[in-house]
Amino acid sequence: MAENKLPEEEKNTRSLNFIEEIIEEDNRIGVYNGRVHTRFPPEPNGYLHIGHAKSICLNFGLGKKYNGKTNLRFDDTNPVKEDTEYVDSILEDVKWLGFDWEDRLFYASDYFGQLYDYAVILIRKGKAYVCDMTAGEIGETRGSPTRPGSESLFRSRSVEENIDLFTRMRLGEFPDGAKVLRAKIDMASPNMHMRDPVLYRILHTSHHRTGDQWCIYPMYDFAHGQSDSIERITHSICTLEFEVHRPLYDWFIREIGIYSPRQIEFARLNVTYTIMSKRKLLELVRDGNVSGWDDPRMPTICGLRRRGFTPASIRNFADIIGVAKRDNVIDVSLLEFCIREDLNKSANRLMAVLNPVRIVIDNYPDDLVEDMESVNNPEDESKGKRKLPFSKSLFIEREDFMEEPPNKFFRLAPGREVRLKAAYIIRCESVAKDPETGEIIEIHCTYDPQTRSGMPESNRKVKGTLHWVSEKHAVKAEIRLYDRLFTIENPDDPENGKTYKDYLNPDSLRISSAMIEPTVKNAVILDKYQFERTGYFSVDKDSTPENLVFNRVVPLKDSWSKVEKVK
RNA sequence: UGACCCAUGGUGUAACGGCAGCACAAGAGAUUUUGGUUCUCUCGGCCCAGGUUCGAAUCCUGGUGGGUCAACCA
């Protein structure tokens with residue numbers, strides 16, 4: 001009993017990350033009456049990636065941990081970039097990751113009316129004004145981080161004039177770019193975001209949800225905090241680059257005089273050998289460097305899903321990497337560890353030969369077929385067993401045979417014995433080669449009938465165990481082998497004169513085929529298997545019953561190839 | 001030539017003034033009908049300099065290094 005309790009206790013006493021500390025302190029003081037309400041606020045202008053997954057797991061995880069709630073809100077304030085295609089994919093991805101926003105799906109565009117009223121409040125307080133300068137002029141008069149800006153000539157317009165102009169902006173009397181609404185704060189602030197930021201711009205563009213109802217749209221800064229406020233969010237968690245926005249976030253809430261959530265910033269996720277920037281990801285798709293947003297090499301959620309990652313593995317990854325404020329680059333091997341750990345326990349095993357060479361058991365009866373029994377998953381007895389047809393002519397991996405084996409080679413070689421998993425121990429007697437090329441065509445073996453799995457003699461120790469598949473029963477499938485998309489750890493940090501594109505890995509996709517045991521015929525899209533001794537594979541969406549296609553999620557750990565490389 | 005943020009093994013992340021721990025990676029061994037899994041072990045760290053203190057990774061000061069900020073993007 002007491003022992004059963006231990007892991008539970010450990011879990012509860014696990015140290016808190018800095019956000020949890022803030023929340024617990026807020027709860028202790030009673031700032032939000034012990035209420036915890038978070039939100040995940042994507043802009044629907046692209047597909048979600050593993051970095052978003054970190055944020056999703058964080059926000060929904062916090063909601064769950066503190067018996068609170070988590071909203072899904074689309075930050076859709078820029079109709080130029082946004083589209084329902086992205087809304088749909090985001091909905092699907094969050095759901096797939098295993099999170100539920102229940103009845104709390106919101107859009108910043110739901111609040112356009114309210115936001116407009118907030119702007120009017122600021123105007124009436126003399127805290128906002130309509131400015132006629134061009135974008136260029138506003139930029140020039142903003143100054144620089146080290147030099148104060150200068151005030152707009154329109155800064156002193158009367159409240160009445162501002163109300164009139166803002167109303168007419170909304171009515172569509174002015175063309176795009178003619179006027180903006182600006183906050184009246186401080187053009188000399190050391191924080192650039194406080195130098196009379198733009199609140200509203202004129203955009204005669206149809207919005208994916210509000211259509212042509214509006215021709216002025218709020219900027220991020222004017223929409224985000226107020227949306228949080230409207231939804232009674234307690235802790236508004238975002239990434240580090242918004243840290244300098246926080247004074248402005250608080251300024252709007254205070255000046256408008258509404259409920260105040262608390263913005264907290266954490267360091268975004270980076271992973272080695274890939275990129276996380278939406279813009280660059282989009283370029284890869286547009287330039288055809290990958291097949292699409294869901295290319296299995298992409299760090300997108302849909303890419304990882306297609307590759308064969310499980311929601312649990314990604315959630316676990318997000319949990320393990322932690323949350324802090326310092327910049328970080330997570331080693332991709334940690335992600336690989338997470339999916340291996342999950343699939344090792346959940347994926348059934350299959351015999352699949354990726355690079356086949358024929359072996360003939362010379363002393364095995366020509367037409368005999370025996371059913372060999374093999375466990376589906378040694379980690380999970382409940383997964384049962386299956387039958388593998390065995391016959392005279394088989395395939396094994398070409399790499400599992402060497403004519404002149406080095407020291408620690410435990411596999412098949414002339415005169416050597418190995419075990420065929422779940423079947424017999426065989427001995428290599430001779431090798432048939434192509435007289436022209438010298439390539440091995442056939443390996444001739446003999447088997448020991450007393451060593452069939454389960455028989456007493458089968459306990460004989462041999463150095464190696466190989467996977468195999470019966471030639472006439474084998475099912476051929478297409479195999480897609482993936483490697484990292486980039487050749488350097490941090491493609492975002494290229495050498496002088498180069499860009500991330502210069503580091504694209506030309507071998508990130510290798511298409512091959514495999515001979516697989518007949519059980520594989522039952523495989524359907526997204527099914528995951530461990531191909532014995534080689535790796536984890538997932539059925540691709542291109543797969544059909546006649547033409548199976550597998551993605552390699554990740555290879556098995558391979559300490560032999562390491563030994564080989566050292567030589 | 002500014003403001004703000006950050007700094008713990010190779011990579012991440014703990015420590016709340018009291019023995020620097022965990023995970024991944026790396027290395028060694030045991031087990032194994034997967035060179036997988038599992039188990040054991042090893043390697044390796046507080047950016048620097050002062051100060052406060054009986055005692056500092058932790059607090060203070062000053063350096064150094066890194067990041068963010070000058071879209072009518074989010």
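Just so it is clear, the structure is predicted and the values come from calculations on it, not from any experiment. Within every chain, numbering begins at 1; the chains are lettered A, B, ... in the order of the sequence lines, protein sequences first and strands thereafter.
Under the Watson-Crick or G-U wobble criterion, with both distances below 3.5 Å, B:rU52 is left unpaired in every strand shown. The pairing partner recorded for B:rG12 is B:rC22, the criterion being a Watson-Crick or G-U wobble arrangement whose two distances lie under 3.5 angstrom. Nucleotide B:rA3 forms a pair with B:rU68, judged by Watson-Crick or G-U wobble geometry with both contacts under 3.5 Å. The base-pairing partner of B:rC73, taking Watson-Crick or G-U wobble contacts with both distances under 3.5 Å, does not exist among the strands shown. Searching all strands for a Watson-Crick or G-U wobble partner of B:rU38 with both distances below 3.5 Å returns B:rA30. Pairing for B:rU58 is absent, with no Watson-Crick or G-U wobble pair whose two atom distances lie under 3.5 Å.
In this structure, A:Arg142 reaches the sugar-phosphate backbone alone: every heavy-atom distance under 4.0 Å involves primed, P, OP1 or OP2 atoms, never a base. Within 4.0 Å of A:Phe410, counting heavy atoms only, lies at least one base atom of the nucleic acid. Nucleic acid contact class of A:Val323 (heavy atoms, under 4.0 Å, all strands): sugar-phosphate only. Here A:Phe74 lies out of heavy-atom contact (under 4.0 Å) with every strand. In this structure, A:Val180 reaches the bases: a heavy-atom distance under 4.0 Å links it to at least one base atom across the strands shown. Contacts of A:Pro42 with the nucleic acid, taken as non-hydrogen atoms under 4.0 Å apart, are absent. Base contact: A:Gln530 has a heavy atom under 4.0 Å from a base atom. No contact: A:Arg195 has no heavy atom under 4.0 Å from any strand. A:Tyr200 comes within 4.0 angstrom of no nucleic acid atom, judged by non-hydrogen atoms across all strands. Across all strands shown, A:Glu243 has heavy atoms under 4.0 Å from sugar-phosphate atoms exclusively, and none from any base. Residue contacts for A:His224: at a heavy-atom cut-off of 4.0 Å it reaches no nucleic acid atom on any strand shown. Nucleic acid contact class of A:Ser189 (heavy atoms, under 4.0 Å, all strands): none. Heavy atoms of A:Ser144 sit under 4.0 angstrom from at least one base atom. A:Glu43 comes within 4.0 angstrom of sugar-phosphate atoms only, judged by non-hydrogen atoms across all strands, and of no base.
Spacing between B:rA26 and B:rU33 at atom P, rounded to whole Å, works out to 25 Å. Separation of the P atoms belonging to B:rG45 and B:rU37 is 27 Å when rounded to the nearest angstrom.
Ranking B:rA26, B:rG12, B:rA14 by closeness to the A:Lys562 side chain, first place goes to B:rA26. Proximity note for A:Ala324 (side chain, C-beta onward) versus B:rC69, B:rU13, B:rC72: the nearest is B:rU13. When distances run from any side-chain atom of A:Lys325 to the nucleotides B:rG36, B:rC6, B:rC72, the shortest one goes to B:rC6. Proximity note for A:Arg326 (side chain, C-beta onward) versus B:rA74, B:rU13, B:rC72: the nearest is B:rU13. Taking every side-chain heavy atom of A:Ser559 into account, B:rG36 is the closest of B:rG36, B:rA74, B:rU33. Nearest nucleotide to the A:Glu532 side chain, out of B:rU34, B:rA70, B:rU33: B:rU34.
A cation-pi geometry, defined here as NZ or CZ lying under 6.0 Å from the six-membered ring centre and within 45° of its normal, does not hold between A:Lys463 and A:Phe410.
Across the protein-nucleic acid pair, A:Asp400 atom CG and B:rU33 atom P stand 17 Å apart, rounded to whole Å.
Neither OP1 nor OP2 of B:rC72 sits under 4.0 Å from any side-chain N or O of A:Thr134. Phosphate proximity of B:rA70 to A:Arg147: absent, as no side-chain N or O sits under 4.0 Å from OP1 or OP2. At the phosphate of B:rU37, OP1 or OP2 sits under 4.0 Å from a side-chain N or O atom of A:Lys557.
Judged by closest nucleotide on RNA chain B, A:Arg452 is the one of A:Ile202 and A:Arg452 placed further toward the 5' end. Across the interface with RNA chain B, nearest-nucleotide mapping of A:Thr534 and A:Pro218 shows A:Thr534 to be the residue nearer the 5′ end.
Below 30°, between 30° and 60°, or above 60°: for A:His224 and A:Tyr249 the angle between ring planes is between 30° and 60°, a tilted geometry.
Looking at A:Lys280, A:Arg279, A:Arg286 one by one, the single match for salt bridge (Lys or Arg N to Asp or Glu O under 4.0 Å) with A:Glu283 turns out to be A:Arg279.
Here B:rA28 is in the anti range [glycosidic angle more than 90° from 0].
Taking the 5.5 Å centre cut-off and the 30° plane limit, the aromatic side chain of A:Trp560 is classed as stacked on B:rG35.
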